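Structure, as structure tokens:
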2 protein chains.
Amino acid sequence: MSTDYTARTSTQIPAGHSAPFPSLDASALFAGCPEVIGTPFSYAREEEVYGEGEEAEFVYKVVSGAVRTHKVLSDGRRQITGFRLPGDLFGFEQGKIHRHSAEALTDTKVLIFKRRQVERAATDRAEFACQLWDMATNDLRHAQDHMLLLGRRSAAERVASFLIDVDARLGGTGTFALPMTRRDIADFLGLTIETVSRTLSQLEEDGALQRVGGRQVSLRRARLHRMIED
Amino acid sequence: MSTDYTARTSTQIPAGHSAPFPSLDASALFAGCPEVIGTPFSYAREEEVYGEGEEAEFVYKVVSGAVRTHKVLSDGRRQITGFRLPGDLFGFEQGKIHRHSAEALTDTKVLIFKRRQVERAATDRAEFACQLWDMATNDLRHAQDHMLLLGRRSAAERVASFLIDVDARLGGTGTFALPMTRRDIADFLGLTIETVSRTLSQLEEDGALQRVGGRQVSLRRARLHRMIED
DNA sequence: CGAAACCTTGAGAGCTCTCAATGTGAGTGG
DNA sequence: CCACTCACATTGAGAGCTCTCAAGGTTTCG
């Protein structure tokens with residue numbers, strides 16, 4: 001079985017797909033801005049796109065593959081704040097410095113835009129600035145949903161919610177391969193890898209999903225939805 | 001001793017104060033937009049400003065007092081996503097519906113703006129739209145910081161971090177009265193009121209702060225900072 | 001001064017974490 | 001093609017942190 005999640009992702013997620021949790025669909029964002037040209041670039045699996053504290057010189061649009069953004073504490077504890085899939089934009093900052101890190105989950109292709117060019121375009125064209133605003137507001141909504149998950153939901157609810165979200169982003173068929181490791185899932189959900197693993201086993205035992213190998217899952221979405229109630 | 005936190009807040013936080021965690025300072029946001037007129041309005045302590053699911057017809061700017069925004073699950077579990085103090089703007093949504101609720105912590109004065117007017121102004125004036133974008137990006141950064149807190153920090157770290165943040169927003173003197181209840185603190189930090197209370201007692205025992213009554217605190221900021229290391 | 005809301009403290013339970021061992025799958029080299 | 005290796009995932013046992021339930025204390029406000 002192939003481990004080329006990049007290929008799988010790019011076939012299952014059309015460029016115009018409306019992403020359920022991170023960014024607003026941005027496939028058309030730069031369409032009317034010929035002055036904002038993206039440069040194609042590639043990152044290998046696990047390669048860093050940018051690190052916390054670096055100058056925020058560019059913004060990025062995922063073409064294929066997947067990227068995680070996260071923050072870390074000095075003792076290594078890590079919180080993944082989001083996964084970016086094809087069509088998503090990321091790398092925007094309020095100041096000049098990146099306040100989080102970004103790494104490629106798999107081999108990933110992106111378009112790179114000069115931050116200053118984007119800001120210039122936003123300053124010149126209100127419609128464009130409004131799209132950026134809209135995108136940020138949408139990201140903020142997802143962040144608030146995730147705060148509720150991290151602050152108030154049980155491990156089973158977190159995992160069920162996560163599976164439903166990933167399914168929706170990967171086409172909504174109910175059957176897919178998780179494009180990230182248990183560690184990434186754990187660091188996104190505020191759990192340990194052992195708890196994620198145990199919870200998946202429990203969900204399978206309860207008939208809420210089936211697994212093939214470590215990554216491939218088939219969800220019984222009605223049961224999972226019932227577990228999160230909201 | 002007075003419990004008029006509204007008055008205390010409004011004297012300790014100048015209108016132009018740069019807020020450390022929620023919104024970008026927005027004191028001048030509508031300055032150049034005479035067509036966007038805010039209507040003064042007041043809310044009593046514990047009064048709802050808007051509820052989740054309601055149409056998002058207005059946006060709000062705090063003049064005095066304080067507001068909390070939160071999400072709730074059907075069984076009552078609540079996650080406060082932020083506290084809004086004078087100068088802060090809130091109530092923006094990506095769609096037409098509020099995805100969270102907002103309530104006044106204390107008697108609160110706000111300026112209300114018609115959402116459609118704000119959007120019109122953003123469409124017309126790129127500079128204005130950029131300010132809104134910037135504000136949303138700033139909110140997003142704080143949301144990401146809070147995800148790290150909720151997902152990966154211990155109760156002691158959460159409380160210490162919270163106290164430092166509130167101190168900074170209330171003037172940075174190290175001595176202040178908490179403008180919210182233990183329940184609000186707990187629901188912001190993803191803890192129970194008992195754990196918040198126990199943690200405060202422990203911090204006092206460790207010499208990291210002193211308390212007078214339930215709300216007044218004096219921080220030893222160096223010690224608190226040492227506890228969060230990041 | 002009295003009532004109600006808020007806060008603190010205690011005891012025990014439970015959920016998740018830690019530490020450890022075993023199992024599984026993908027890529028590699030013989 | 002198969003054995004090997006390494007990273008990843010699962011499972012178990014016990015500990016620990018936070019929660020729940022309960023009682024008592026404190027503050028606020030009428």
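Computed from a predicted model, the values in this text were never measured in an experiment. Numbered from 1 within each chain, the chains take letters A, B, ... in sequence-line order.
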| query | Can you name the residues that form a side chain to side chain donor-acceptor pair (under 3.5 Å) with A:Q202, not counting sequence neighbours? | reply |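 Per chain and number, A:Q202 pairs via side chain to side chain donor-acceptor pair (under 3.5 Å) with A:D206.
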
Residue set satisfying side chain to side chain donor-acceptor pair (under 3.5 Å) with B:E103, at least two apart, ordered chain then number -> B:R68

Which whole-number value in Å describes the distance from [X] [atom1] to [N] [atom2]?
| X | N | atom1 | atom2 | result |
| --- | --- | --- | --- | --- |
| B:Q202 | C:dC7 | CD | C1' | 17 Å |
| B:L200 | C:dT9 | CG | C1' | 13 Å |
| A:L203 | D:dA9 | CG | P | 16 Å |
| A:R77 | C:dT18 | CZ | C1' | 14 Å |
| A:R158 | C:dC17 | CZ | C1' | 13 Å |
| B:D75 | D:dC19 | CG | P | 15 Å |
| B:R182 | C:dT8 | CZ | C1' | 9 Å |
| A:D187 | D:dA9 | CG | P | 12 Å |

Taking CD in B:Q210 as the centre, count heavy atoms belonging to other residues, nucleotides or ligands within less than 6.0 Å. Is the count above 12?
no

Across all chains, not counting sequence neighbours, the salt bridge (Lys or Arg N to Asp or Glu O under 4.0 Å) partners of B:R226 are none

Sequence neighbours excluded, the answer for salt bridge (Lys or Arg N to Asp or Glu O under 4.0 Å) partners of B:E55 is none

Rounded to the nearest 0.5 Å, the CZ atom of A:R182 sits from the CD1 atom of A:I185 at a distance of 5.0 Å

*Of A:I193 and B:R45, whose nearest nucleotide on DNA chain D comes first from the 5' end?*
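Result: A:I193.
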
Terminal axis angle for the helix from C:dC1-D:dG30 to C:dG30-D:dC1, five pairs an end, nearest 10 degrees =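 Angle reported: 40°, given to the nearest ten degrees.
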
Donor-acceptor check, side chain of B:R152 to backbone of A:R78, threshold 3.5 angstrom: yes or no? yes

| message | Check whether B:Q94 reaches the backbone of A:R141 with its side chain - one donor and one acceptor, N or O, closer than 3.5 Å. | response | no

query: Checking all strands, does B:T181 fall into the base, sugar-phosphate, or nothing category for heavy-atom contacts under 4.0 angstrom?
result: sugar-phosphate

Exercise for review: Give a yes/no on whether any side-chain N or O of A:R183 is located under 4.0 angstrom from OP1 or OP2 of D:dC8.
Suggested key: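 It does not, given that no N or O in the side chain of A:R183 lies less than 4.0 Å from OP1 or OP2 of D:dC8.
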
Using OP1 and OP2 only, check whether a side-chain N or O of B:R215 sits under 4.0 Å from C:dC7. yes

Protein N or O to nucleotides 15-18 of chain D N or O, pairs below 3.5 Å:
from: D:dT18; atom 1: OP1; to: B:A155; atom 2: N; distance (Å): 2.8

Of the candidates D:dT10, C:dA11, C:dC7, the side chain of A:S201 sits closest to D:dT10

query: Is there a donor on the side chain of B:E194 or the base of C:dC7 sitting less than 3.5 Å from an acceptor on the other?
result: no

request  = Would you please test B:E157 and A:R77 for salt bridge (charged side-chain N to carboxylate O under 4.0 Å, His left out) and show each step?
outcome  = CA-CA 13 Å; B:E157 290 173 324; A:R77 283 176 288 176; 2.7 Å; yes

Assert: residue with more 5' nearest nucleotide on DNA chain C, out of A:R198 and A:G213, is A:R198

Ring centroids only, cut at 6.0 angstrom: are A:Y50 and A:H100 within range, meaning strictly under it? yes

